[in-house]
Each structure stands twice: as C-alpha cells, then as structure tokens.
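Written out below as structure tokens is the structure these notes cover.
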Number of protein chains: 4
Amino acid sequence: MGAVKTKRMPRAVREQQMLDAAVRTFGQRGYMAASMDEIAELAGVSKPLVYLYLNSKEDLFTACIRREADALTAAVRAGVRRELPADRQLWEGLGAFFAHTSQNPDGWSVLHLQARTHGEPFASEVAAMRAEIVAFVTQLIVAAAREAHRDPDLPESEVAGLAEALVGAAESLADWANAASGVTARQAAATLMNFAWSGLGNLMDGKPWTAPDAAHEASGQTSPAR
Amino acid sequence: MGAVKTKRMPRAVREQQMLDAAVRTFGQRGYMAASMDEIAELAGVSKPLVYLYLNSKEDLFTACIRREADALTAAVRAGVRRELPADRQLWEGLGAFFAHTSQNPDGWSVLHLQARTHGEPFASEVAAMRAEIVAFVTQLIVAAAREAHRDPDLPESEVAGLAEALVGAAESLADWANAASGVTARQAAATLMNFAWSGLGNLMDGKPWTAPDAAHEASGQTSPAR
Amino acid sequence: MGAVKTKRMPRAVREQQMLDAAVRTFGQRGYMAASMDEIAELAGVSKPLVYLYLNSKEDLFTACIRREADALTAAVRAGVRRELPADRQLWEGLGAFFAHTSQNPDGWSVLHLQARTHGEPFASEVAAMRAEIVAFVTQLIVAAAREAHRDPDLPESEVAGLAEALVGAAESLADWANAASGVTARQAAATLMNFAWSGLGNLMDGKPWTAPDAAHEASGQTSPAR
Amino acid sequence: MGAVKTKRMPRAVREQQMLDAAVRTFGQRGYMAASMDEIAELAGVSKPLVYLYLNSKEDLFTACIRREADALTAAVRAGVRRELPADRQLWEGLGAFFAHTSQNPDGWSVLHLQARTHGEPFASEVAAMRAEIVAFVTQLIVAAAREAHRDPDLPESEVAGLAEALVGAAESLADWANAASGVTARQAAATLMNFAWSGLGNLMDGKPWTAPDAAHEASGQTSPAR
DNA sequence: AATGAATGAGCCTTCATTCAT
DNA sequence: GATGAATGAAGGCTCATTCAT
C-alpha cells in the first residue's frame, strides 16, 4: 500500500513522495486528524526521515500549501493567453482553474479548506495566493472596462469587491462541481462567465437594479442593518 | 476571564453558557484544536458538567452548528419582507446575512469553516442549512425573472448554478467584510447586488459576453479543459 | 424501567430496593464496572439517597455481600433436617445450595466471583461465609465417619482438605449448572454426592488408589514437584 | 522498584517484560483496578510503548491470559508421562498443576479469578483452556475405567459431571494451598487423589451412598428442590 | 541515506462523591 | 424524605517528536 518501498532514492524524489502523501492525507483527513505516522507510511518511508527532510508537521503542511498554491496559479497562468481580450482571458482562466481543482481535489481541499481552517501561519500562506488571484482578476476587470471604452477610472474599492465576489463564486462552484459529479469544468466556467458578465439582469433585460434610497425605506424595521 | 462564575444555575441557562463558550472556542481555535478543558473554563463550569449536559465533544459541536445555523437562517428570514418584489427581498436578505455574520464572526466561522472542514456528521448538518438558503435564493431568482415578464421556464440546472455562484459570492464577501474592517454589511450587500444584478456588464454596456465556439478556438492548447 | 418510582417509602423498604438493584448490577456488570448512577436509576431513586442510606460504593457492596451470604447460608440451613443421618444432611444441603444459586445467579456471582476478585475488604467478608460452610461440611464428614463406626479421630488436616475439595467441587458445579442450562439442582447434587461418596472408585471396584512411594519414582523428572 | 530501566531492548524482550508486569499487576490489583500507568512503570517503560506493542488494555489482558493459559497447560502436559496408567497420569498432572499455580500465583489469579470475572472476550478465552483440561481429565477417567476392566461405555453425561467436579475441586484446592501456606503441591495432590479415587467412602467402607428415592422422601418440604 | 526504539504531554471521558435546597 | 446541580481526580489512549544506530 502507498508508494512502492524503493530504497535509496535521491532526496528530491523522496521529498516529492512525501509531499504527495502529505497532500493526500491532509486533504482527506484534515490537518489535525492526519498523523505523521500515516503520512510516513503512505510515503513508504520511516517517520524520522520525514522529520529529517521536512522538519515538523507544521513545516510539512506549509510545504504542501506552497506546492499546491504554486501548482494552482501555474495552471491558471498556463491556461491564459495574454494576447486575447480580457473577457477571453477570464474565460480561459476560469476553465483552467476548474480543471485543476477537479483533477486535484486533495490539493484543493488543502488550499481551500484545511489551510484556511487552521489559523496561522497557514491562513496567511494561502491568503497570499488568493490575493494574487484576486489581483489578476481585478486587472482583468479593469482591462475589460477599458476595452469597452468605459471610463477606466473605476473606483478601486468598487472593483475590489467585484473581484472578491467573482473569486468567491468561483471557489464555491469548484466545490459544487467536485461534489455534484456531472458538472464539468467547462460548464462551471460557462455558468460563472454568464453570471459575471451579465448578472441576473440577462433574465430580465432592461431592468437594472438600483439600491433603494435609504431615506425612503425607513419604515421597515428589517432593512439591511449596520 | 470567561463568564462570571455564578453557581447553581438552572440547566437551561448553563447549557446556553456552555454553547456560547463552545461557539467562541470552536470558532477561534477550530474544532480539533479546541479542548473541552478550555470550553469548560470559558463557560465557568467544570468539565464533567459539560459532559453531563452535552454528552461529548461531537455532540457539543453538533449542538453549536445547529444553534448557529438556526440563528443565521432566522436572522435572514426576519430581515426579509415577503411582500416586496424579489430584488428587494434579495437585497434585504443579503443585508441581514452580512449583518449577522459580521456581528457573529465565531458562529460564522463554525458554520462556514469548521463544520465543513471536519467531515461527517458535521458537514451534512451545515449542508442542510446551506441547501435551504440556496433554495431560497433560487426561488427569488425565478420570481425575479417572472416579475420581469420573462419566460419563467428557466432551465433548472442553469438557475441552480447561478444560485450556487451567488451564495458562494456572498460567503466569500462575508469573510472579506469580516477581515477587511471598514466594509459594512450594507456595502457588502450593495456590492453583491450590483454584481448579481447586472454583472460586470454594467461596466461595458452593450457588450454581452458569449462563450467562444469550442470548434474555432482549437489553436490554443490551454483553453478550458475537460 | 427499574422499580416503579413510588415516592416516600419507609427507609427499610427503600434500602432493600437499593440492595436489589445493587446485587443485580454488581452481579451482571461486575463491581468496578457497575456505576452508582446505574444502581440508583435501577432502584428508582436519586444518587444522593443511595449515599445517604448506604454511605459509599464500598459499603454498598459490602452490604450486598452480607445480605447474599446470609441468604445463601440461611437457604442451606433451612434445607437440612438435622435429625437425619449425615449423608442425608449433605444431600439436602447440596440440593438447597444448588437450588439457591440457580435461582439467584446475580447473588451467586456477587459472592463467588465479584467479592473474591476485588480484594479486601470484600474477600474476607465472603471468606467468612465460606469458612462457615466448610466447617459445616467438615462436621458432616466427621459425623458420617462416626456413624460408619470408623475411628472418629480422623486427622483434622486430612478432613479439612477433603471438605475444601468438596466445597470447591460444589462451587464449580454451581457455575456449570448455571451455564449449561439443562442441568437441574437435583442432578448437580446427585453428581456431586456420587463423586464425594465413592469417588471414581465406583467405576473400578476394588482398585483403590494409593499414593506412589516417592522413593521409588525418583527416576522420572516430572513427578509432582515441590 | 520494577524492572531495571535498561534502554533500547529488542521488541520481543520488551514485550515479555511488559507481559510480566501486566500479569503481576492484573493478578494483584484486578483487571479494572490495574492502571496502564502502573503496568508501564513496573515494566520500566513509558505508557505509549505499551500501547505501541500491545495495542490496548483489552489486548494486553488477552495476551496475558493466553500466555498464562499456555504456560499452565504446558506445565501440566510436561508433568505427565503418557506411558503410565491413568491413575498415575492423573496424580502427576495434579502435582504439576498445583506446583505451577503455587509458583505462579499471579498467573493463576489472572486465569482463575480475573479473566472469569470480567466478561467477554476474556471469559471465553480462559474457558477454552479450561475445556481442554476438562477434556484431558475426562479422557483419563474413561481410561481408568477401561483399565479396571469396567464397561468403557460410561454415560458421557455422567463422566462430564465428574470431570467438572474434579477440576473444580482442584481449582479450589489450588487457592487453598496458595492461601494456607504450609500445604505443599504434593499434599494438595494427594488429598485430591484420595478424594477423587475413593471418595469419602474410604472413611466408611462398605457403606456406599445411594440417592434417596424422591417418591419416598416427600415429607420434608426442604428436600433438594427443582 | 535511513530506521527501530522510545517518550513527554495532552486530550476525551467517566466516576464516586458532595452541596444546597 | 429526597434531589438537581456540581466537581476533583484519575484513566485509557494518541500524537508529534527525538535518540542511537
């Protein structure tokens, strides 16, 4: 069970085997429930060797996060052709994202669930990657607006929220696609593009939504608080 | 620190104190890292009493999830006036949602992070609540389309994806608002309504997005896979 | 479940209910595995009342031992007609013994297993009862020998061992009869009487056993040691 | 106190040390009262090592039972010369039995008291060993009858009861000899052989016991019941 | 390069027992 | 006469981590 027990491998190879085992174990059992024993066995090595190479459980988990974060951003980057217009870039990026998360569910679980759930120093590790992605999306949104000949001076704060919402929706759809088998990466990407590009407005053309004037709705005691 | 150590309370009261302490501890430390010792101390009681009333760590956590899930759905329900049009209902619901999550960050952490991360039986507990919310949103979307005199026969599957994306965006914005202090519940709700209602299209009117024809884009090896 | 919860009983009655519950619980779960909680519930009272009346788990168990020991010796005594010859008295005593143990398996378990297994002060409590029974049997053996016109000056030590063996056999057969349903008290008594009265010798008339002369068997390295 | 704390022993050795400590502790404190802490300390190791090698308290106890049961049956087997007549074999077997139990009182306590008192899966473990011994005794009885030229077709059920009684008497005498110091294994064996071979009848030759006819003794209400 | 042997520390859980009413 | 509320103490078990080879 686990990797075949071949002896005397060069360090780099062994380390990857360990990280493979660790990502799989962390992804499936969770960070705390995963035991170093299980990881070592799955990697086909003894526990002291894991410590020799990766130092501690915390360091091992951090290494997993970094490797998976790099793999994910690399996959997205590789999936995007920069010479295309912004909307096409977004489409391709989402496709690459969903493809990667669905092919690598343990890694996705490590990044999206485990790392965020178990506090520092893991949370900020993955937050860095997420910030990178949000920045990329933000830039695409700005570029798209410019390409549409709109005023490029969109309020930063506004765009930040939109990018955040878009990325959050993508994360959620990744889980959804992974859980509900039958939804492909392509479908998930299309769903999100439709949502992102025209919103629900495409369901009711010409009826844009406008925030109610706070002054006029004071009658209801249940209007959005704070 | 912790609740004032008042002795001899009726059971119902003590139980709530324990749940308060548990939600706080689970929310901050995480399910596994939280120790029953810490929870008991924070509740101002001895550990055996926690076990006498709540049975086990698992049962205690489940009780937390149920209480917080009920509180969240109740808050949203109470924030929505059913007699209003669908878009207004959504606006109010989002406002109530963001208000509740920002006022109750530990409960939100329990529901959104901890319960989902630590497998059964917790995951399905919170999945039930989420399904309820997704259903509510789905129904609002359908109602909105009908109110806009559009064909109400929207493909189920399409709407399901949209609702999923919308809820995912909301969850993500809740975290964002909680983290980046300075964003109010109202602002978060407005950002999401804008995004949901008109998408990014409002940034570039008249240029709706359309999925590229797969046959024509075969040149790039990195187009959305699968 | 357990005794019907009738309130305000006189103390003596309540105590017996508690002892009933305790004997049953101790007999079935064992002394250590039995919890005061379970006993109190089975007795239909609250735990503090058990402590009020019986003081501690140790005292409660001791009370059980005493009650069951008295019941057992009383049953044997009541079963024996002193005016009969010794062999008939033994026969009746064994019958009464097996009848009692089979009708009262929890009590028998308390006496024969639990009390002996859990050290002082319980072991000596039940040892006292056992000594009484051994003494009774010893006296019967001596009487039987006298009635048979044999020299009544049997060596004490010899008779003591025989009585011990007889009582041990009886205890063992009581367990055997309780376990292997199908063996009645009467059958068990008959089996033991046969064994005790004529030994296995009745299977091979006229071939009494005689201890080998130690001097002559020195050749074997495995003769009874010490 | 306890084994000298020698470090870095091969597993097999350490395991035996642990079993030694466990038998001693279980035998003296009882299964439930014995703590893994105490056993580990007596064995001169840390608790986790006990768990690493023996898995759980239950497994540890089972291992003790098996080891002691094997040791006891091996001792008896080794003490018996099969080429001798049945009565001599019984004599030697009893001698070996009493010798072993007196030299190994903790093991005997584990087998005779602790294992039987604490339910499954322990009870059946020791029941298997006891059944083996009973079978051996049964076969000796049958052989003895055959050697005495008696009809070898003794009723099975009759012999079963006799063997049970004999083994029970032996068990009881083992306790007796262990408690009343001054009785040697040899003396205990002789006492039991006398009892078993000629019964009490040797005290009163020519007066065999016969079961009273049930029909004729109806006068007493206390005759052997059931 | 690699591992068998070993442990300090901590966690979940339970129990006998008592206080205040 | 009777009980709901509460706890100190301990026990089984597991884990991340290290030493000596």
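Below, chain A is the first sequence line, B the second, and so on; all start at residue 1.
Out of dT7(F), dA6(E), dA5(F), the shortest distance to the side chain of Val45(B) is found at dT7(F). Counting only heavy atoms from C-beta on, Ser35(D) has its side chain closest to dG12(F) among dA6(F), dG12(F), dC11(E).
Using a 4.0 Å heavy-atom criterion, one finds that Ala40(A) contacts no nucleic acid atom at all. Residue Arg11(C) is classed as having no contact, given no heavy-atom separation below 4.0 Å to the nucleic acid. Using a 4.0 Å heavy-atom criterion, one finds that Ala33(A) contacts no nucleic acid atom at all.
One atom, NZ of Lys47(D), and another, P of dC12(E), lie 15 Å apart when rounded to the nearest Å. As rounded to whole Å, 11 Å separates atom C1' of dT14(F) from atom CE of Met32(B). Between the CE atom of Met36(C) and the C1' atom of dT7(F) there is a distance of 17 Å, rounded to whole Å. The separation between Leu52(B) atom CG and dT18(E) atom P is 18 Å, rounded to whole Å. We find that CG of Asn55(B) is positioned 9 Å from P of dT13(E), with the value rounded to whole Å. Computed from coordinates, the Leu49(A) CG to dC19(F) C1' distance equals 15 Å when rounded to whole Å. The nearest whole Å value for the distance from the CG atom in Asp59(C) to the C1' atom in dT18(E) is 16 Å.
Within the 4.0 Å cut-off from OP1 or OP2 of dA2(F), not a single side-chain nitrogen or oxygen of Tyr51(C) is found. Dashed line: the shortest gap from a side-chain N or O of Arg8(B) to OP1 or OP2 of dT21(E) is not under 4.0 Å.
At a cut-off of 3.5 Å, with distance as the only test, no side-chain donor of Thr62(B) or Glu58(B) sits close to an acceptor on the other residue.
The closest side-chain heavy-atom distance from Leu72(B) to Trp108(B) is below 4.5 Å.
In terms of polar N and O atoms assigned as donor or acceptor, the side chain of Lys57(A) never comes within less than 3.5 Å of the base of dT17(F) in a complementary pairing.
Within a 6.0 Å radius of CZ in Arg67(B), more than 12 heavy atoms belonging to other residues, nucleotides or ligands are found.
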